[in-house]
Structures are given as structure tokens and as C-alpha cells.
Amino acid sequence: MNLTLGVVKDGQVFLKKNYGYSNPEKKTAFSDHSQIYLASTSKSLTGTLAAVLDHKGIIKLDRTLADYLPELNFEDKNIHPDQITIASLITHTHGIKKNILLPCQIPAFIIPI
């Protein structure tokens, strides 16, 4: 078991602490460089953050990927960004296989800061 805790206010880090071991057998301390298997744990955070952004008017969950990323294309031509809403991705009513996006410019409000 391990944990990284961070407290940030107004863009300034007040506390950053790691707990546990990245390798319990060898007693290797968990660090900023330890790799973590997240699996599906980030889905609830992503959905919550999208809801907050929607509430603040930064994004709209009923808008399509093409609304925010007009140059977005997929190798699979059966996937149409103008038919996929943010809400459909978050609720898993529409899915996109990994590693099929072609390069595009991501708007600054989507890039984690």
C-alpha cells in the first residue's frame, strides 16, 4: 500500500508527501518517481472534474469532441468526433479504443496545470 498526498492552494504546493513502499519486499520507499497502476481509479475523478468544468461554463458536457478539437481525426474512419459528446465518453455510452488518435492540438483549458 502506498499514497502520495499533495495540498495545493492558488497554484502553490503547500504539502507534498509520499507514504509506503514501491517495493515492500526490498523496503524501497515510495517516491515521486514510483510507478503506480491506476486502472479505473481515475474515472471518478475525471467525471467529477468534467462536471465542475461544466458547472463553471468552461466546457459543456453535451458538446462534441469536434466542438473542442475541430482538427481531431481518427485512424478508424467509423469514429466521428462530431457525433461523440463529452457526456457520452464519461458515462461510457461511447468508447474510443486506445492509441488510435491522430495528433491534434489540445486546447489549454484541457491540459492539466
Where do [X] and [Y] come nearest, in terms of heavy atoms and distance?
X	Y	value
Ser22	Ser34	CB-OG, 3.5 Å
His94	Ile84	CE1-CD1, 3.2 Å
Tyr21	Asn2	O-ND2, 3.5 Å
Pro81	Leu72	CG-O, 3.5 Å

Side-chain heavy atoms nearer than 4.5 Å, only ILVMFWY residues, links allowed to pass through others: does that put [X] and [Y] together?
X	Y	result
Leu45	Leu89	no
Leu3	Val7	yes
Tyr68	Leu49	no

Inset, instruction - Would you check, one step at a time, whether the test side-chain hydrogen bond (donor to acceptor under 3.5 Å, both in side chains) holds for Thr4 with Asn18? - result: CA-CA 4 Å; Thr4 294; Asn18 298 304; 2.7 Å; yes
Approximate separation, where rounding is to 0.5 Å, of [X] [atom1] and [Y] [atom2]:
X	Y	atom1	atom2	value
Ile79	Leu65	CD1	CG	10.5 Å
Arg63	Asp54	CZ	CG	11.0 Å
Thr64	Leu69	OG1	CG	9.0 Å
Ile90	His92	CD1	NE2	9.0 Å

Inset, instruction - Check side chain to side chain contact (heavy atoms under 4.5 Å, CB included) between Val8 and all other residues, then give those that pass, not counting sequence neighbours. - result: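 By the side chain to side chain contact (heavy atoms under 4.5 Å, CB included) rule, Val8 matches Val13.
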Legend entry - side chain to side chain contact (heavy atoms under 4.5 Å, CB included) partners for Thr48, two or more places apart: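 In terms of side chain to side chain contact (heavy atoms under 4.5 Å, CB included), with neighbours along the sequence ignored, Thr48 is linked to no residue.
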Legend entry - Check: Glu25 main-chain N/O paired with Asn23 side-chain donor or acceptor under 3.5 Å: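 Judged by distance alone, yes, a pair lies under 3.5 Å.
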Inset, instruction - For the residue pair Leu61 and Thr85, establish whether any side-chain heavy-atom pair is separated by less than 4.5 Å. - result: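 They are not in side-chain contact.
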Inset, instruction - Could you tell me whether Lys60 and Asp67 make a salt bridge, using a distance below 4.0 angstrom between a side-chain N and a carboxylate O? - result: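 The answer is no: the pair does not qualify as a salt bridge.
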